[in-house]
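Please see the structure below; I have some questions.
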There are 2 protein chains.
Amino acid sequence: MSYSIAEAASRSGLTAHTLRYYERDGLMLAGVDRSASGHRRYTERDLTWIELITRLRATGMPIREVRKYADLVRTGDGNEAERLALLVAHRERVEAQLAEVTAHLRAIDHKIGIYEGKVEQARTSA
Amino acid sequence: MSYSIAEAASRSGLTAHTLRYYERDGLMLAGVDRSASGHRRYTERDLTWIELITRLRATGMPIREVRKYADLVRTGDGNEAERLALLVAHRERVEAQLAEVTAHLRAIDHKIGIYEGKVEQARTSA
DNA sequence: GTCGGACTTGGAGTGCACTCGAAGTCAAGC
DNA sequence: GCTTGACTTCGAGTGCACTCCAAGTCCGAC
């Protein structure tokens, strides 16, 4: 079972453009298979990999670092500790940012509360 | 009490470049005061405002929309309901994104768990 | 056999948010 | 009165991550 780039795009939520761009940029583990006519054929493994790098991207990992991770996985032998370190460092950054965003959000919520009071007051005194 | 652009930068965590850029781009409520020599003088009110827009930016609000909000506040009269709507819409986007990032993070954590197992296994069998 | 549509490539273009550079002004200290 | 350093403006440059375009190929359907 394999998928055309359009199918891979719809399954991954990325665009075909982005899939080609990722491949060109070294984010895939290997060149994607080709049909006799030269069209890309995505395997389940490709899609699983794309799902992972989509998660990394969606949590703010730069393309550069996703590539570094892909390089490690591609090398394939005993660099699991290195991969682990990269992912753990990423997790810590993401957690820190979640905390920061949450704190900002609380402050914005406070502001919203003030406006709600004002708007309500305007409504009842009208 | 007022502050030079360098002081405002260090108090806000932005750079002087960014402060000028924000002003140019219509993010400030009014032109910042100037000294006799034409240097900017930031008031406490300016800094309070900068703190708010920094929170909006840090939670992912585009410059464009911060400007829209600033425009509303600048107009100043009875558009509180509109400001409220803008902030509430933003809050909902941020909350949705927090949930999404958290979900991705959990999946990445799962991956980390797998690597931890592998690395531990490699360590003990060595 | 020709048409439409999905694909290919390489390279250029876009949008966002800064970030920097050049050239000039100004006040204070030596 | 000259240097130093912080400021000014305007406009150009940067980095990131796509996003799009042009020109071409290929395949299945009519």
Side-chain angles (χ1 to χ4, degrees), chain A residues 2-28 30-43 46-47 50 52-70 90 93-94 97 100-101 104, chain B residues 2-28 30-43 46-47 50 52-70 90 93-94 97 100-101 104:
Chain A
S2 69
Y3 307 98
S4 72
I5 194 166
E7 287 163 341
S10 98
R11 273 161 192 270
S12 65
L14 303 174
T15 68
H17 284 306
T18 302
L19 287 172
R20 291 194 200 95
Y21 164 64
Y22 279 4
E23 186 179 350
R24 237 192 312 185
D25 237 49
L27 268 52
M28 297 303 289
V32 175
D33 290 347
R34 300 306 178 108
S35 69
S37 56
H39 292 195
R40 288 173 179 78
R41 300 302 312 175
Y42 288 85
T43 63
D46 289 331
L47 292 182
I50 290 166
L52 173 60
I53 65 181
T54 298
R55 290 190 192 286
L56 295 176
R57 290 287 306 120
T59 48
M61 185 183 284
I63 295 279
R64 230 183 2 275
E65 197 174 349
V66 177
R67 181 167 48 234
K68 210 189 304 178
Y69 181 68
H90 179 60
R93 279 194 305 272
V94 175
Q97 212 211 318
E100 196 191 306
V101 168
H104 285 312
Chain B
S2 70
Y3 307 97
S4 71
I5 195 165
E7 288 164 340
S10 99
R11 273 162 194 270
S12 65
L14 303 174
T15 68
H17 283 306
T18 302
L19 286 173
R20 290 193 201 96
Y21 164 64
Y22 279 3
E23 186 180 349
R24 239 192 310 186
D25 238 48
L27 267 52
M28 297 303 289
V32 175
D33 291 346
R34 300 306 178 108
S35 69
S37 57
H39 292 195
R40 288 172 180 79
R41 300 303 311 176
Y42 288 85
T43 64
D46 289 331
L47 292 182
I50 290 166
L52 174 59
I53 65 182
T54 297
R55 289 189 192 286
L56 295 175
R57 290 286 308 118
T59 48
M61 184 182 286
I63 294 279
R64 230 183 2 274
E65 198 173 347
V66 177
R67 182 166 47 234
K68 210 189 305 179
Y69 181 68
H90 180 60
R93 280 194 303 272
V94 175
Q97 212 212 318
E100 196 192 308
V101 168
H104 286 312

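Just so we're on the same page: letters track the sequence lines, and every chain starts at 1.
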Quickly work out the B:Arg20 CZ to C:dT19 C1' distance and round it to whole Å. 11 Å
What one should report as the nearest heavy-atom pair of A:Tyr22 and A:Ile53 is CD2-CD1, 3.9 Å
From CD1 of A:Ile53 across to C1' of D:dA17 the rounded distance in Å is 13 Å
A:Glu7 CD - C:dA6 P separation (whole Å): 12 Å
Assert: residue with more 5' nearest nucleotide on DNA chain C, out of A:His39 and B:Ala36, is A:His39
When the distance from CG of A:Asp33 to C1' of C:dC7 is rounded to whole Å, what number comes out? 16 Å
If only side-chain N and O atoms of B:Ser4 are considered, is one of them under 4.0 Å from the OP1 or OP2 phosphate oxygen of D:dC7? yes
Rounded at 0.5 Å granularity, tell me how far CG in A:Leu27 sits from CD1 in A:Ile63. 5.0 Å
Pairs satisfying side chain to side chain donor-acceptor pair (under 3.5 Å), at least one member in residues 6-15 of chain A, at least two apart: A:Thr15-A:Thr18
Can a side-chain donor-acceptor contact be found between B:His39 and B:Ser4 if the only test is distance below 3.5 angstrom? no
Closer than 4.0 Å, any side-chain N/O of A:Arg41 to the OP1 or OP2 of C:dT8? no
With a 4.0 Å cutoff (strictly under), does any side-chain N or O of B:Arg67 reach OP1 or OP2 of C:dA17? no
First of B:Ile63 and B:His17 reached from the 5' end of DNA chain C, by closest nucleotide: B:Ile63
Expressed as a whole number of angstroms, how long is the span from B:Leu27:CG to C:dA17:P? 10 Å
Give the nucleotide from the list C:dC16, D:dT9, D:dC18 with an atom nearest to the side chain of B:Arg64. C:dC16
Does a side-chain N or O of B:Arg40 approach OP1 or OP2 of D:dT9 to a distance below 4.0 Å, or not? yes
Atom CD of A:Glu65 and atom C1' of D:dG15 are separated, to the nearest Å, by 16 Å
Taking OP1 and OP2 of D:dC18, is either one under 4.0 Å from a side-chain nitrogen or oxygen of A:Tyr22? yes
Rounding to an integer number of Å, can you tell me how far A:Met61 CE sits from D:dA17 P? 11 Å
Would you please confirm or rule out a distance under 4.0 Å between OP1 or OP2 of C:dG10 and any side-chain N or O of A:Arg24? no
Spell out, as yes or no, whether a donor-acceptor pair under 3.5 Å connects the side chain of A:Arg40 to the backbone of A:Val32. no
From CD1 of A:Ile5 over to C1' of C:dT9, roughly how many Å is that when rounded to an integer? 12 Å
Nearest to the side chain of A:Ser37, which nucleotide is it out of D:dA17, D:dT8, D:dC27? D:dC27
